[in-house]
Q: 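Sharing a structure with you now.
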Amino acid sequence: MNPSIEQIAAQLQGYDPQALSADAVGEFLARLVAPVRGTEQVGVFDALGRVLARDLVSPISVPPHDNSAMDGFAFDGAQLAAGALPLQVVGTALAGKAWQGEVRPGQCVKIMTGAIMPAGLDTVVPQEFTKTLADGRIEVPAGLLQRGDNRRCKGEDLLEGRPALAAGERLGPAASGLVASLGIPRIEVVRRLRVAYFSTGDEILSLGEPAREGAVYDSNRYTVHGLLRRLGCEVIDLGVVRDEPALLEQAFRDAAGRADAIITSGGVSVGEADYTKAMMKKLGDVAFWKIAMRPGRPMAVGRIGDAVLFGLPGNPVAVMVTFLAFVRPALLRMMGARSSAPVYLSARSAEAMRKKPGRTEYQRGIVTRAADGGLEVRTTGNQGSGVLSSMVQANGLIVLHHGQGNVAAGEPVDVMMFEGAL
Ligand code: AMP
Ligand code: MG
């Protein structure tokens, strides 16, 4: 059984829905959401961005044989001594073909990169370091090599019978290649997460509607859609829902029936006159929070039917920030991904920043490399929670943590980089 909001709240020390720290939000959500069940088999190309459902054990060793890392000459490294080593070339080992002949002391085999090391040979001298003597032998220069140099050992990348990738791995291009290197054409991944989204608010216009006084075009639907697509979720787009109880109820029920998670924007702040909050309360088990953060204070969280609900604020920057800080890690957990905590990079602030301890602030930042080679971050201009252009200009969010106070110019700050998420 899923725990109720009340049960989770009771487990958290000092839970105060009216002043929740960003850390407490993260802890709460980690208890609220659980990995979805259900897997599917996909081909390696289609596995990109998906989450591996079970440990993948290597059916073979990679590389499958000891082989040469260079074009050169393979020989028995036991012969290496203080002086130069002359060797007679008795054959050639090509990539993809084993060389079968016998090699005696004082002899070597010309070998190509990737070719199997002939039996008894363990060292390769790169071609460019050798010279050819008058009698046709090649010479390994003194002091250049140690036994075993320029040889790749069988299984040094992946060992037969050992886990190559662990369940919960989000498969990137490197993992795709690794799966393919094992000769595995299809793998089992967690099914796609289905996430329904709609915007609320009577002042919100859909694209195609004529502009009218007091109304704004719906941008949240597009930012959230993009953020969800980047996560590899299946997005169920329910558009803009007008502030009428019947329409809101229909949208929530529709979403809860089809999706693992529901995301809405707007209508969750204290002063809201509309029906969004009332409908969340009526249909689900929902907490309404004031988070000690900027931007993004209000947020509703809970469950409607079996779907997890994230009721985000309306302001466009607040939507993106609350998504990145809270919703994204929670969705990754639902997707079965192993590690979902954001990774921060440290950069020195190019400017002084005013900051009150007791809340987390997310400033839009531009990280660049300074003349001295260090990373430096400056804020984009207007930090208003409706200024979406600040998110476009930024390449990361400067995170000023809960307990942190004013920041002096030159002081290091944490930055959550957008790369991969935006
Ligand atoms: P609310 O949280 O509903 O009070 O909305 C806060 C602000 O965000 C208001 O200025 C809204 O007009 C704006 N807003 C709400 N929803 C959207 C949306 N989908 N796209 C753009 N702006 C929005
Ligand atoms: Mg509103």
Side-chain angles (χ1 to χ4, degrees), residues 17-20 25 195-229 233 235-252 254-255 259 261-282 286-302 309-328 359 361-362 364 380 382-394 422:
Q18 292 304 301
L20 219 51
V25 170
V195 183
Y197 173 80
F198 58 91
S199 301
T200 69
D202 272 350
E203 80 280 29
I204 308 302
L205 296 170
S206 287
L207 294 185
E209 285 187 74
R212 65 167 191 272
E213 196 174 61
V216 294
Y217 282 106
D218 180 8
S219 57
N220 294 340
R221 189 172 155 201
Y222 295 86
T223 50
V224 173
H225 189 269
L227 287 160
L228 289 171
R229 288 257 304 260
C233 297
V235 187
I236 302 169
D237 172 27
L238 299 176
V240 181
V241 177
R242 282 215 316 278
D243 191 31
E244 289 176 25
L247 295 177
L248 282 165
E249 177 158 357
Q250 192 191 334
F252 276 119
D254 182 16
I262 306 167
I263 300 176
T264 63
S265 79
V268 292
S269 47
V270 186
E272 284 294 340
D274 62 27
Y275 292 105
T276 305
K277 273 162 78 172
M279 195 51 65
M280 289 175 177
K281 242 182 238 166
K282 177 182 160 186
V286 182
F288 296 91
W289 290 338
K290 266 191 223 157
I291 305 171
M293 70 186 291
R294 205 160 88 163
R297 263 161 75 75
M299 190 169 154
V301 154
L309 170 73
F310 301 97
L312 305 186
N315 279 307
V317 178
V319 164
M320 296 193 78
V321 168
T322 49
F323 187 101
L324 291 171
F326 309 126
V327 180
R328 187 171 188 273
R359 69 179 184 211
E361 291 191 12
Y362 300 84
R364 272 69 78 207
T380 63
N382 185 342
Q383 295 290 304
S385 63
V387 181
L388 196 51
S389 54
S390 68
M391 284 297 289
V392 178
Q393 287 159 29
L422 285 202

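Note that these values count all heavy atoms, side chains included, but never hydrogens, waters or copies made by symmetry. Note that ligands are numbered from 1 as they come in the structure, with each ligand's atoms numbered from 1 the same way.
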Q: What residue among Leu228, Ile263, Val195, Leu227 forms side-chain contact (heavy atoms from CB on, under 4.5 Å) with Val327?
A: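 It is Ile263; the other options fail the test.
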
Q: According to side chain to side chain contact (heavy atoms under 4.5 Å, CB included), who are the partners of Ala300, at least two apart in sequence or on a separate chain?
A: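 Residues passing side chain to side chain contact (heavy atoms under 4.5 Å, CB included) with Ala300: Val268, Met280, Val286, Phe288.
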
Q: Show the protein residues that qualify under the rule heavy atom under 4.0 Å from an atom of ligand 1, listing them in chain and number order.
A: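 Residues near ligand 1: Ser199, Glu203, Ile204, Val216, Tyr217, Asp218, Ser219, Asn220, Ser265, Gly266, Gly267, Ser269, Glu272, Gly314, Asn315, Pro316.
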
Q: Would you list the atom pairs, donor with acceptor, under 3.5 Å between side chains in residues 197-205 and any protein atom, with sequence neighbours excluded?
A:
unit_1	atom_1	unit_2	atom_2	d
Tyr197	OH	Ser199	OG	2.8
Tyr197	OH	Ser265	OG	2.9
Ser199	OG	Asp218	OD1	3.0
Ser199	OG	Asp218	OD2	2.9
Thr200	OG1	Ser265	O	2.9
Thr200	OG1	Gly266	O	3.2
Asp202	OD1	Asp243	N	2.9

Q: When the side chains of residues 235-242 are checked against the rest of the protein, which donor-acceptor pairs come out under 3.5 Å, sequence neighbours left out?
A:
unit_1	atom_1	unit_2	atom_2	d
Asp237	OD1	Arg221	NE	2.9
Asp237	OD1	Gly239	N	3.0
Asp237	OD2	Arg221	NE	3.3
Asp237	OD2	Arg221	NH2	2.9
Arg242	NE	Glu244	OE2	3.4
Arg242	NH2	Glu244	OE2	2.8

Q: Any side-chain donor paired with an acceptor under 3.5 Å for Ser390 and Arg364?
A: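 Yes.
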
Q: Looking only at heavy atoms, which two atoms of Ala211 and Tyr217 are closest? And how far apart?
A: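 Closest approach of Ala211 to Tyr217: N-OH, 3.3 Å.
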
